[in-house]
2 protein chains.
Amino acid sequence: MTAPNRKPDYETLLRQAGLRITRPRQVILQILTETDDHPDAAQIFQRAVKQDAQISLATVYRTMKALEENGAIQRHAFGDGPARFEHAGDAHHDHLIDVDTGDVIEFASDRIEALQDEIAERLGYEIVHHRLELYGRKKR
Amino acid sequence: MTAPNRKPDYETLLRQAGLRITRPRQVILQILTETDDHPDAAQIFQRAVKQDAQISLATVYRTMKALEENGAIQRHAFGDGPARFEHAGDAHHDHLIDVDTGDVIEFASDRIEALQDEIAERLGYEIVHHRLELYGRKKR
DNA sequence: GACCTTATTGCAAACGGTTTGCATTTGCAG
DNA sequence: CTGCAAATGCAAACCGTTTGCAATAAGGTC
Ligand SMILES: [Mn+2]
Ligand SMILES: [Mn+2]
Ligand SMILES: [Zn+2]
Ligand SMILES: [Zn+2]
């Protein structure tokens, strides 16, 4: 469940950053555009290989890094597993991870966000970014 | 800055779990007892080697795992660096990491904790654990 | 289109943190 | 003190990620 899809124009974004639109990148960007979950590099790679059998995992990683540096995607590290990605541009939100299924549910709370700022303020700090993850189990 | 030191009796705890009090473990436990920060395995190892030159890093890792499984310590993964440890038993708190210095400041907010429960509740989940980390920069 | 320069690729090897197999040592119950 | 299982040190394996390198291909210029 991702916030309303902004259908970000990754290609234009990359072009403006002076990066080339290569075949591997097109494939990866397409996957990112039409995905609604938080895939890791291996999953993106699996999906990519179906479209172009000679894409390499290294290229997936390099592309993700490029996209991240240009603010096109966000990288998360849930639990201790591999990094997982999602397109940026949607409004800020945090995540609830189902410990049984691994499902990721998004949520947002401006009250929590405000309290975070308050706390940082009180400690004499300015928040650069934060990470709030709830790990939970579905109530039956 | 850690909450008031509970001076946990790790040795008794380990004995009750059926684990043996070996020399390497004594050294590591001592380090953990008198430390007030959030050291990683390499740091614990460095400190340990000063007391007993033949302790191995593998033993540090194995001991940390044993302690964690018995609820004696907590493991954190700040940013993307190595895991960092602190003794459990102190009251729950979350962390503010100084992005410039790496310093870790502890804080607690029952208002935030309550809001988290509320959110999970609303989504039909029960929180097993959570992770709240603020990454900030000191205001001058 | 052909050409040139340079970014990007695939591959395999390196990486850093952590875990593990194994032969040896050690704690500790009897 | 003995005997046995648990714990150790070492080195090798691990897993996700990054990197060096030679080969390829993007895309600006004519
Ligand atoms: Mn998300
Ligand atoms: Mn702490
Ligand atoms: Zn947030
Ligand atoms: Zn908390």
Side-chain angles (χ1 to χ4, degrees), chain A residues 10-31 38-70 72-85 102, chain B residues 10-31 38-70 72-85 102:
Chain A
Y10 290 125
E11 295 208 5
T12 306
L13 203 154
L14 287 190
R15 278 222 168 72
Q16 283 169 352
L19 300 178
R20 294 177 181 176
I21 311 301
T22 66
R23 167 91 173 119
R25 281 180 182 165
Q26 293 182 50
V27 173
I28 294 170
L29 294 182
Q30 223 229 44
I31 292 170
H38 300 75
D40 60 35
Q43 292 171 320
I44 295 170
F45 175 61
Q46 281 176 216
R47 298 177 198 181
V49 160
K50 282 188 223 157
Q51 322 246 197
D52 179 340
Q54 69 233 42
I55 286 178
S56 76
L57 182 55
T59 294
V60 173
Y61 277 110
R62 281 191 277 235
T63 300
M64 299 320 280
K65 175 174 288 185
L67 289 173
E68 192 186 6
E69 283 168 353
N70 288 276
I73 62 166
Q74 269 183 259
R75 174 191 302 257
H76 299 291
F78 299 140
D80 51 354
R84 302 174 61 165
F85 307 90
Chain B
Y10 289 126
E11 294 207 4
T12 306
L13 203 155
L14 287 191
R15 278 222 168 73
Q16 283 170 351
L19 300 178
R20 295 179 178 174
I21 310 303
T22 65
R23 166 90 175 121
R25 282 181 181 163
Q26 295 182 49
V27 172
I28 293 170
L29 293 182
Q30 222 230 47
I31 292 171
H38 299 75
D40 60 34
Q43 291 170 320
I44 295 171
F45 174 61
Q46 280 176 215
R47 298 178 199 180
V49 160
K50 282 188 221 156
Q51 322 246 190
D52 178 341
Q54 68 234 42
I55 285 177
S56 77
L57 182 55
T59 294
V60 172
Y61 276 110
R62 282 191 277 233
T63 300
M64 300 321 279
K65 176 174 289 185
L67 289 173
E68 192 186 7
E69 284 168 352
N70 289 277
I73 62 165
Q74 269 183 260
R75 172 191 303 259
H76 300 292
F78 299 140
D80 50 354
R84 301 175 63 166
F85 307 91

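Keep in mind that this is a model prediction, so the values were computed, not measured. Proteins get letters first, then strands, A, B, ... in listed order; numbering begins at 1 in each.
Contact check, Y61(B) against dT19(C): no side-chain N or O comes under 4.0 Å of OP1 or OP2.
Put simply, the side chain of I73(A) reaches to within 4.5 Å of the side chain of Y10(A), judged on heavy atoms. Counting only heavy atoms from C-beta outward, the side chains of R25(A) and R23(A) never approach each other to under 4.5 Å.
A donor-acceptor pair under 3.5 Å is absent between the side-chain atoms of R84(A) and the main chain of P39(A), judged by distance alone. Remark: the backbone N or O of Q54(B) is paired with a side-chain donor or acceptor of D52(B) at under 3.5 angstrom.
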Handout entry: Verdict with supporting geometry, T59(A) and F45(A), side chain to side chain contact (heavy atoms under 4.5 Å, CB included)
Key = CA-CA 9 Å; T59(A) 294; F45(A) 175 61; over 6 Å; no
Handout entry: Residues M64(A), I44(A); criterion side chain to side chain contact (heavy atoms under 4.5 Å, CB included); working and verdict
Key = CA-CA 10 Å; M64(A) 299 320 280; I44(A) 295 170; 3.7 Å; yes
Practice task
Would you sort out whether E11(A) and L14(A) count as a side chain to side chain contact (heavy atoms under 4.5 Å, CB included), showing the intermediate values?
Solution key: CA-CA 5 Å; E11(A) 295 208 5; L14(A) 287 190; 5.9 Å; no
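Atoms CZ (R75(A)) and P (dG16(D)) sit 14 Å apart, rounded to a whole Å. The nearest whole Å value for the distance from the NZ atom in K65(B) to the C1' atom in dT8(D) is 16 Å. Per the geometry, CZ belonging to F78(B) stands 16 Å off P belonging to dG17(C), to the nearest Å. Here dG27(C) presents its C1' atom at 13 Å from CG of L14(B), a figure rounded to the nearest Å. Atom pair M64(B):CE and dT19(C):P shows a separation of 11 Å (rounding to whole Å applied).
The stretch residues 42-49 of chain A has no heavy atom under 4.0 angstrom from DNA chain C at all.
The side chain to side chain contact (heavy atoms under 4.5 Å, CB included) test with I31(A) singles out one residue from Q43(A), R47(A), Q26(A), and that residue is R47(A).
Both I21(B) and R84(B) lie near DNA chain C, and the one whose nearest nucleotide falls closer to the 5' end is R84(B).
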Practice task
Let me have a per-nucleotide readout for nucleotides 2-12 of chain C, 5' to 3', with B, S or -, counting only protein heavy atoms under 4.0 Å.
Solution key: ----BBSBBB-
